[in-house]
Amino acid sequence: MRQTEHAVPAIEFRHVSKSYGDFSVLQDLNLQIAAGEVVVICGPSGSGKSTLIRTINRLENYEYGDILIAGQTTRTLRQRQLQVLRAGIGFVFQQFNLYAHLSARDNITLALRQVLGVNRDDARQRADALLAKVGLPDKADHFPAQLSGGQQQRVAIARTLAMQPSILLFDEPTSALDPEMIAEVLAVMRQLTHTGITMLVVTHEMGFARELADRIVFMDQGQILEVATPEQFFTQPAHPRAQRFLQQIL
Ligand code: ADP
Ligand code: MG
């Protein structure tokens with residue numbers, strides 16, 4: 001058995017700190033996420049959740065500490081290595097970030113062809129299979145403006161999955177959606193929790209967190225104040241600020 005390999009966390013924060021001028025946005029973060037784990041990050045607005053997940057693929061730099069992906073430091077990566085790292089880490093944004101001038105299919109095939117060098121026919125086949133997987137088999141030729149927010153976000157998830165990432169990061173993927181569209185996106189995310197992909201999800205959807213997270217990370221003012229199972233977190237949160245947060249949102 002390859003136990004030592006399995007023991008290496010998919011993502012590890014070691015004493016990570018970051019500031020904007022005098023403002024300390026991340027303060028000495030320590031966290032280990034195992035391969036295949038589903039972790040939800042929650043906390044008040046402005047607590048550093050987006051900054052935390054954006055540091056993982058270095059959309060944001062950090063000044064102190066280290067973030068390791070599968071045991072490899074990300075601190076010293078050069079541009080080319082950074083591209084390789086990012087190709088293996090999917091990122092789903094609140095605002096979908098689809099290319100407006102490309103069809104749903106072409107949004108998905110673009111990186112497959114340009115980054116992975118997949119040929120046109122194979123890329124097309126993979127895109128169409130993924131669109132079917134996210135429940136949009138008939139939308140391949142539609143442009144983003146012709147799709148609802150929920151459909152756009154599902155295309156964005158399909159685009160991310162096309163790269164076959166081992167890690168998926170979600171930054172409030174349903175926060176820009178009307179309530180009736182939230183469920184369809186959460187349903188796609190629920191499917192993904194069974195695939196073995198490591199998932200780190202910033203969300204206020206506490207139903208999703210409670211049902212599907214292996215662990216909950218609670219942040220406030222740039223600090224991780226609590227890491228707990230959903231069971232612990234929702235029934236007896238240890239930190240007073242977590243208790244207050246839950247009273248406000250539940
Ligand atoms: P969250 O996602 O939890 O709402 P963020 O990570 O977006 O929090 O932001 C944490 C804090 O950092 C906020 O107070 C925000 O105003 C501040 N911040 C974020 N980006 C910048 C920036 N580029 N320059 C200065 N302050 C920033
Ligand atoms: Mg945010």
Side-chain angles (χ1 to χ4, degrees), residues 11-31 33 38-67 69 74-75 82 85-86 89-98 149-150 152-153 156-157 160 165 167-179 181-182 185-186 189 198-210 212-213 215-228 230 233-234 237-250:
I11 306 169
E12 181 172 6
F13 281 73
R14 287 188 187 162
H15 300 291
V16 172
S17 296
K18 175 181 177 68
S19 303
Y20 292 115
D22 291 343
F23 178 69
S24 177
V25 61
L26 301 178
Q27 298 184 48
D28 193 28
L29 302 187
N30 292 286
L31 182 65
I33 295 168
V38 177
V39 173
V40 162
I41 301 177
C42 63
S45 183
S47 56
K49 305 180 297 294
S50 294
T51 307
L52 181 157
I53 67 166
R54 291 169 64 87
T55 57
I56 292 172
N57 60 2
R58 289 264 305 275
L59 290 173
E60 299 277 354
N61 287 317
Y62 48 94
E63 288 117 31
Y64 299 101
D66 199 358
I67 299 173
I69 304 297
T74 62
R75 240 199 119 65
L82 205 50
L85 175 85
R86 287 180 182 154
I89 302 178
F91 203 115
V92 177
F93 300 88
Q94 183 175 335
Q95 297 295 346
F96 330 134
N97 294 3
L98 295 176
Q152 289 184 58
Q153 189 60 298
I157 293 172
T160 301
I167 295 172
L168 273 178
L169 309 174
F170 293 85
D171 193 358
E172 301 202 30
T174 60
S175 293
L177 300 177
D178 293 332
M181 291 168 193
I182 292 175
V185 171
L186 292 178
M189 292 169 65
T198 306
M199 290 172 65
L200 198 49
V201 184
V202 176
T203 186
H204 300 294
E205 292 295 327
M206 291 298 122
F208 176 91
R210 198 168 191 150
L212 296 165
R215 286 186 300 160
I216 312 272
V217 171
F218 174 73
M219 287 188 77
D220 195 14
Q221 299 182 356
Q223 294 176 301
I224 293 175
L225 295 185
E226 185 158 351
V227 181
F233 186 72
F234 289 108
H239 202 286
R241 272 190 252 162
Q243 292 166 8
R244 219 179 319 138
F245 174 76
L246 285 170
Q247 276 165 11
Q248 281 164 357
I249 65 161
L250 289 180

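In each ligand, atom 1 is the first atom listed, and ligand 1 is the first ligand listed. What you see is a predicted model, and the numbers here were worked out from it, not measured in a lab.
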For Thr51, the ligand 1 atoms with a heavy-atom partner under 4.0 Å come out as 5 (P), 6 (O), 9 (O)
Would you say the ring centroid of Tyr62 lies under 6.0 angstrom from that of Tyr64?
-> no
Could you give the distance from CE (Met206) to CD1 (Ile216), rounded to the nearest 0.5 Å?
-> 6.5 Å
Rounded distance (nearest 0.5 Å) linking atom NE2 of His204 with atom CD1 of Ile249 = 7.5 Å
Work out whether the distance between some heavy atom of Pro44 and some atom of ligand 1 is less than 4.0 Å.
-> yes
Does a side-chain heavy-atom distance below 4.5 Å link Met199 with Phe170?
-> yes
For atom 25 (C) of ligand 1, the protein heavy atom that lies nearest, with its residue and separation = Tyr20 CG, 3.4 Å
Any non-hydrogen protein atom below 4.0 Å of atom 15 (C) of ligand 1?
-> no
For ligand 1, which atoms, with element, lie under 4.0 Å from some heavy atom of Phe23?
-> 11 (C), 12 (O), 14 (O), 17 (C)
Do any N/O/S atoms of Ser45 come under 2.8 Å of the Mg ion (ligand 2)?
-> no
Taking the side chain as C-beta and beyond, is there a heavy-atom pair between Asn57 and Phe91 under 4.5 Å?
-> yes
Which ligand 1 atoms are under 4.0 Å away from a heavy-atom of Ser45?
-> 4 (O)
In Å, rounded to the nearest 0.5 Å, how long is the span from NZ of Lys18 to OH of Tyr20?
-> 4.5 Å
Met219 CE to Leu26 CG distance, which is reported to the nearest 0.5 Å = 5.5 Å
Can you find a non-hydrogen atom of Ser47 under 4.0 Å from ligand 1?
-> yes
Return yes when at least one protein heavy atom is under 4.0 Å from atom 8 (O) of ligand 1, and no when none is.
-> yes
Are any non-hydrogen side-chain atoms of Glu205 and Thr174 less than 4.5 angstrom apart?
-> yes
Check ligand 1 against Val25 and write out every atom of the ligand that is under 4.0 Å from a heavy-atom position of the residue.
-> 10 (C), 11 (C), 12 (O)
Starting from atom 10 (C) of ligand 1, find the nearest protein heavy-atom neighbour and note its residue, name and distance.
-> Gly46 O, 3.3 Å
